[in-house]
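Have a look at the structure below, then the notes.
Side chains included, hydrogens not; waters and symmetry mates left out as well; all remaining heavy atoms used. As the structure lists them, so they are numbered: ligands from 1, and atoms in each ligand from 1.
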Amino acid sequence: MDTRLIKVEDTAAIRDEELAGAAQILRNGGLVAFPTETVYGLGANALDETAARKIYAAKGRPSDNPLIAHISCMEELAPLVSEIPEAGRRLAEAYWPGPLTMVFRKSAIVPYGTTGGLDTVAVRMPSDPVANRLIRLSGVPIAAPSANTSGRPSPTTAQHVWEDMNGKIEMIVDGGPVGIGVESTIVDVSGTIPTLLRPGAVTVEMLEATVGHIEIDPAIQGPSGEDFHPKAPGMKYRHYAPKAELTLVEGEIDSVVARINLLVEEKNAQKCRVGVICTDETKSRYHGALVRSVGLREKEETIAHNLFAVLREFDELQADVIYSESFPEDHLGQAIMNRLTKAAGYHVIRV
Ligand code: TXA
Ligand code: MG
């Protein structure tokens with residue numbers, strides 16, 4: 001299949017004509033990748049089981065891993081869900097459109113092919129103007145996982161999508177690099193107490209400011225034994241992962257730098273290509289490795305923004321092993337550390 005790449009020239013002044021072809025493909029059951037404020041998504045008609053199946057094939061994704069249905073306005077929620085609980089209504093008012101996904105009990109029109117066989121459906125209303133306009137023009141809810149090959153880091157530029165999806169999907173809409181860089185927060189509002197299933201840019205503090213106490217799915221912290229059954233099925237797969245073996249080094253920053261430099265020396269002696277993930281503040285303190293900064297320790301949004309691109313860059317550089325600094329788990333740091341520890345297969349050295 002030939003994959004068409006189209007570019008939206010000015011995302012602040014999109015013309016419907018620019019996205020008409022993409023919307024047509026989606027209505028006809030095809031696949032279109034598009035930008036959102038979190039990561040690029042791989043879209044298909046969420047109400048068309050055959051179209052949803054194509055997403056799983058293009059990504060190489062296990063079919064028990066459900067898709068998020070994306071909508072463009074509040075009126076599009078009711079038809080997809082059997083009820084809108086009070087917490088869901090309040091969170092939608094506070095954070096939609098934006099980087100928040102909510103899990104509701106599904107209505108009959110949402111096929112099990114979209115929900116991975118579950119009786120619930122995850123719904124998100126993105127704020128990105130390209131995403132929002134494309135969903136509205138297509139006239140159907142759009143199922144969209146991150147537009148990466150399953151297991152690879154999520155794409156934050158159209159170029160990343162091209163690397164993974166060229167030849168497998170009809171179209172990629174390039175709207176430039178995304179803003180946030182890590183996937184949306186997922187909250188299950190289908191039970192009595194809202195439960196966080198995946199941390200993201202809408203933080204625990206922000207959620208609790210709106211609906212009071214929330215539960216946190218223990219699976220977010222990683223596997224805790226044999227009965228590891230995250231409520232978001234996708235959280236159980238090794239994910240976001242570079243090809244190299246990644247290890248996180250956690251502790252006070254001077255000790256972390258010293259330990260990573262030692263590990264680099266050891267691995268160099270074994271003739272490995274070694275990578276280091278650090279920050280602008282510490283970059284000059286590493287030696288003898290491929291050193292990449294993810295941003296400013298002081299500004300965690302810069303780290304979220306660059307993280308997946310840096311993981312992908314190490315694939316290109318063909319690193320064998322990567323050592324990464326770790327980051328405080330407050331606010332957005334929770335999402336950053338969740339993705340990093342998953343990418344590392346929960347391999348953490350504490351110093
Ligand atoms: O930011 C995002 O959410 C991006 C953009 C494209 O919107 N999408 C995204 O989709 O990250 P994906 O498929 O890569 O991750 C969706 C996650 C998976 O972990 C999946 O298991 C979970 O959402 N999920 C989907 N439906 C669910 C449901 N009904 N119950 C629990 N978890 C669900
Ligand atoms: Mg994903």
Side-chain angles (χ1 to χ4, degrees), residues 31-44 46 52 55-56 58-72 80-82 95-107 110-128 130-132 134-135 141-156 160-161 164 173 175 178-191 194-202 217 219-220 229-241 304 308 335 338-339 342-343:
L31 302 187
V32 176
F34 59 95
T36 82
E37 67 277 25
T38 55
V39 298
Y40 271 74
L42 177 55
I55 290 184
Y56 289 99
K59 281 181 62 86
R61 174 173 172 125
S63 62
D64 70 339
N65 191 358
L67 306 171
I68 298 173
H70 294 66
I71 57 175
S72 69
L80 303 180
V81 303
S82 66
Y95 301 114
W96 275 0
L100 174 68
T101 296
M102 285 188 276
V103 175
F104 299 91
R105 305 201 71 69
K106 80 175 195 70
S107 71
V110 181
Y112 284 110
T114 299
T115 67
L118 298 175
D119 288 315
T120 52
V121 60
V123 185
R124 174 159 111 79
M125 189 196 296
S127 62
D128 179 277
V130 177
N132 200 279
L134 179 58
I135 298 162
I142 301 298
S146 48
N148 51 289
T149 300
S150 200
R152 290 207 75 199
S154 294
T156 54
H160 295 160
V161 180
D164 286 11
V173 180
V178 302
I180 295 170
V182 292
E183 304 85 347
S184 61
T185 305
I186 305 180
V187 180
D188 186 346
V189 293
S190 69
T195 305
L196 180 72
L197 308 187
R198 179 174 75 181
V202 175
D217 184 3
I220 287 174
H229 296 296
K231 295 197 181 73
M235 298 288 280
K236 71 175 175 279
Y237 300 105
R238 182 164 186 254
H239 207 177
Y240 320 112
F308 289 140
N338 172 263
R339 305 313 191 270
K342 279 193 72 175

Would you check if [X] and [Y] make a side-chain contact, meaning some heavy-atom pair closer than 4.5 Å?
X    : Y    : answer
R124 : T38  : yes
Y95  : T185 : no
P145 : N65  : no

Please work out whether any backbone atom (N, CA, C, O) or any side-chain heavy atom from C-beta onward of [X] is under 4.0 Å from ligand 1, and answer side chain, backbone, both or neither.
X    : answer
L197 : side chain
R61  : side chain
R124 : side chain
I186 : side chain
A144 : backbone

What residues form a side-chain hydrogen bond (donor to acceptor under 3.5 Å, both in side chains) with S184, not counting sequence neighbours?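 Partners of S184 under the side-chain hydrogen bond (donor to acceptor under 3.5 Å, both in side chains) test: T101, R198.
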Is S146 close enough to the Mg ion (ligand 2) to have an N, O or S atom under 2.8 Å?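 Yes, since at least one N, O or S atom of S146 sits under 2.8 Å from the Mg ion (ligand 2).
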To the closest 0.5 Å, what do you measure between CG (N132) and OG1 (T36)?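 Between atom CG of N132 and atom OG1 of T36 there are 11.0 Å.
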At what distance, to the nearest 0.5 angstrom, does CZ of F34 lie from CD1 of I142? 6.5 Å
Any N or O of [X] that comes nearer than 3.5 Å to an N or O of ligand 1?
X    : answer
N65  : yes
S184 : yes
T120 : yes

Out of all atoms in ligand 1, which are within 4.0 Å of some heavy atom of [X]? Include the element for each.
X    : result
A122 : 25 (C), 26 (N), 27 (C), 29 (N)
E183 : 1 (O), 2 (C), 11 (O)
G41  : 6 (C)
L118 : 28 (C), 29 (N), 30 (N)
S146 : 8 (N), 9 (C), 10 (O), 12 (P), 14 (O)
T38  : 1 (O), 2 (C), 4 (C), 5 (C)

Donor-acceptor contact present, side-chain Y40 to main-chain G175, <3.5 Å: yes
Check whether T114 reaches the backbone of A46 with its side chain - one donor and one acceptor, N or O, closer than 3.5 Å.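 Yes.
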Partner residues of P66 under the side chain to side chain contact (heavy atoms under 4.5 Å, CB included) criterion, sequence neighbours left out: L118, P233
S146 and E183: CA distance, side-chain angles, deciding distance, side chain to side chain donor-acceptor pair (under 3.5 Å) verdict: CA-CA 8 Å; S146 48; E183 304 85 347; 4.8 Å; no
Kindly identify the option in R105, K231, R198, H70 whose heavy atom sits closest to atom 11 (O) of ligand 1. R198
